[in-house]
Amino acid sequence: KNPLRDTGWGVSSTAISVAILSIFAVIFVVPLVEEWPYQTSFSLEHFAAVFTDSELITVYWHSLVMALLTAFLGTLAAYGAALITARSTLPPRYKRVIENISLITNTIPGMVVGIAYMLVFSGTSLQNTLTLIVICNVIHYFSTPYLMMKNSLSKMNAGWETTAMLMGDSWLQTILRVVTPNALSSLIEVFSYYFINAMVTISALIFLAGARTMVLTTKIKQLQYINEYDQVFVLSLLILATNLIAKAIFTWLANKSSRKGSSNAKKRKEMKAS
């Protein structure tokens, strides 16, 4: 122990943290005053203006629907791909295809993905639709959720499928009845990852969103051009609040599922011991 050293580093790291956070403090201050920096009295008129604007409410609804669809479809895609590589008996060459796809999607910048989708789907029925935005997000963020699910499935008992087959269950029935309940906490984490990233992404969507499919991040970019910074900060806080609430809910569900799984495993061990 060295009190002088610990105190010195503690003070310096605190000062650095405060300096970094002070940059973002303006996001919380500006929307709560009448007119920054000239009239700094407390006011909620900027929040009221945003929440009474039907266009901005529609944009928020688009973001919420897009994030939920991305999370749902992305979780299915990542889980399905992980099942193939970690729990199936397919030849290794087919599994390597999925591995390579996951590596490629992780190396392509979002802006490149957005431009590619814009050029490929220009003039088609998918142009400027939420469907295209959801597909883009699912593929763009596929790598990390896939690796999360693969690691989770790889740690499970490798003999479940064989045991279930001897008892008369098919591979699909085993996945639904045994593997999926044990992977539920990881599935919730993957859902959370997709949802939060879909809410804040901008690089690819700026090329794909249209006037009728505007989401919060692209709307913020549009408002910056006309210097509507009060609305920009309010919408930014709306994204932050949505993600914090979603993260709290998903964490609670994942922890609850994990505790339930541990409790069931403990009961099985006690039954075997008795």
Side-chain angles (χ1 to χ4, degrees), residues 63-110 112-114 116-117 126 130-158 160-161 171-205 208 215 217 242-243 246-258 260-261:
S63 290
L64 207 56
V65 171
M66 180 268 294
L68 288 171
L69 288 175
T70 298
F72 177 72
L73 297 177
T75 302
L76 288 180
Y79 187 43
L83 284 173
I84 293 174
T85 56
R87 309 294 299 190
S88 74
T89 57
L90 286 177
R93 62 178 179 273
Y94 297 119
K95 296 181 180 182
R96 282 196 296 269
V97 172
I98 296 177
E99 294 282 351
N100 292 334
I101 291 174
S102 69
L103 292 175
I104 291 172
T105 57
N106 195 39
T107 58
I108 302 176
V112 175
V113 174
Y117 275 61
L126 287 176
L130 282 177
T131 302
L132 182 59
I133 293 175
V134 169
I135 294 173
C136 178
N137 284 337
V138 168
I139 296 176
H140 183 204
Y141 294 109
F142 174 77
S143 180
T144 300
Y146 162 73
L147 293 176
M148 291 168 61
M149 287 309 311
K150 182 185 176 183
N151 291 335
S152 176
L153 294 175
S154 299
K155 295 176 182 177
M156 296 181 185
N157 193 324
W160 282 347
E161 287 85 345
W171 181 80
L172 183 59
Q173 288 174 323
T174 307
I175 295 300
L176 295 176
R177 296 175 181 178
V178 181
V179 176
T180 301
N182 283 277
L184 188 57
S185 60
S186 296
L187 288 170
I188 294 172
E189 291 176 1
V190 167
F191 191 96
S192 172
Y193 178 89
Y194 262 117
F195 181 90
I196 291 174
N197 278 280
M199 284 294 296
V200 301
T201 185
I202 178 63
S203 56
L205 301 194
L208 303 177
V215 293
T217 50
T242 301
N243 278 346
K247 185 63 177 178
I249 294 173
F250 296 142
T251 301
W252 177 77
L253 290 174
N255 292 337
K256 182 180 179 181
S257 175
S258 181
K260 185 177 180 181

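Sequential numbering from 1 along the given sequence is applied to the chain's residues. All heavy atoms count here, side chains included; hydrogens, waters and symmetry mates do not.
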Interatomic spacing from [atom1] in [X] to [atom2] in [Y] - rounded to 0.5 Å:
| X | Y | atom1 | atom2 | result |
| --- | --- | --- | --- | --- |
| Thr75 | Met148 | OG1 | CE | 9.0 Å |
| Leu103 | Ile108 | CG | CD1 | 11.0 Å |
| Asn255 | Ile188 | CG | CD1 | 9.0 Å |
| Leu130 | Thr70 | CG | OG1 | 9.0 Å |
| Glu189 | Leu184 | CD | CG | 10.5 Å |
| Leu126 | Ile135 | CG | CD1 | 5.5 Å |

Check [X] against [Y] and note the closest heavy-atom contact, atom names and distance.
| X | Y | value |
| --- | --- | --- |
| Ala86 | Ser154 | CB-OG, 3.8 Å |
| Thr217 | Met199 | CG2-O, 3.4 Å |
| Ile139 | Tyr117 | CD1-OH, 2.8 Å |
| Ala254 | Ser185 | O-CB, 3.6 Å |

*Answer yes or no: is there a side-chain heavy-atom contact under 4.5 Å between Thr242 and Phe195?*
yes
*Any side-chain heavy-atom pair from Leu153 and Leu83 closer than 4.5 angstrom?*
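In contact.
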Using a 3.5 Å distance criterion without hydrogens, assess whether the side chain of [X] forms a donor-acceptor pair with backbone atoms of [Y].
| X | Y | value |
| --- | --- | --- |
| Tyr194 | Val138 | yes |
| Thr180 | Ile175 | yes |
| Ser102 | Glu99 | yes |

*asked:* Please list all pairs meeting salt bridge (charged side-chain N to carboxylate O under 4.0 Å, His left out) that have one or both residues in residues 87-97, counting only residues at least two apart or in different chains.
replied: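 Qualifying pairs: Arg87-Glu161.
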*Show your working on side chain to side chain contact (heavy atoms under 4.5 Å, CB included) between Ile84 and Tyr94 and close with a plain yes or no.*
CA-CA 9 Å; Ile84 293 174; Tyr94 297 119; 5.9 Å; no
*asked:* Can you list everything that forms a side chain to side chain contact (heavy atoms under 4.5 Å, CB included) with Ser192? Sequence neighbours excluded, please.
replied: Ile196, Lys247, Phe250
*Under the side chain to side chain contact (heavy atoms under 4.5 Å, CB included) rule, collect the residues that match up with Ser186, sequence neighbours excluded.*
Met149, Ser152
*Would you please test Tyr79 and Val190 for side chain to side chain contact (heavy atoms under 4.5 Å, CB included) and show each step?*
CA-CA 9 Å; Tyr79 187 43; Val190 167; over 6 Å; no
_side chain to side chain contact (heavy atoms under 4.5 Å, CB included), that's the test. Do Asn106 and Phe142 meet it? Break it down for me._
CA-CA 8 Å; Asn106 195 39; Phe142 174 77; over 6 Å; no
*Between Thr201 and Tyr141, do the side chains contain an N or O donor and an N or O acceptor separated by less than 3.5 Å?*
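Checked: Thr201/Tyr141 side chains pair up, N/O donor to acceptor below 3.5 Å.
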*asked:* Between Thr85 and Tyr146, do the side chains contain a donor N or O and an acceptor N or O under 3.5 Å apart?
replied: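 Indeed, the side chains of Tyr146 and Thr85 share at least one donor-acceptor pair under 3.5 Å.
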_Derivation and outcome, side chain to side chain contact (heavy atoms under 4.5 Å, CB included), residues Leu205 and Val215_ = CA-CA 9 Å; Leu205 301 194; Val215 293; 3.9 Å; yes
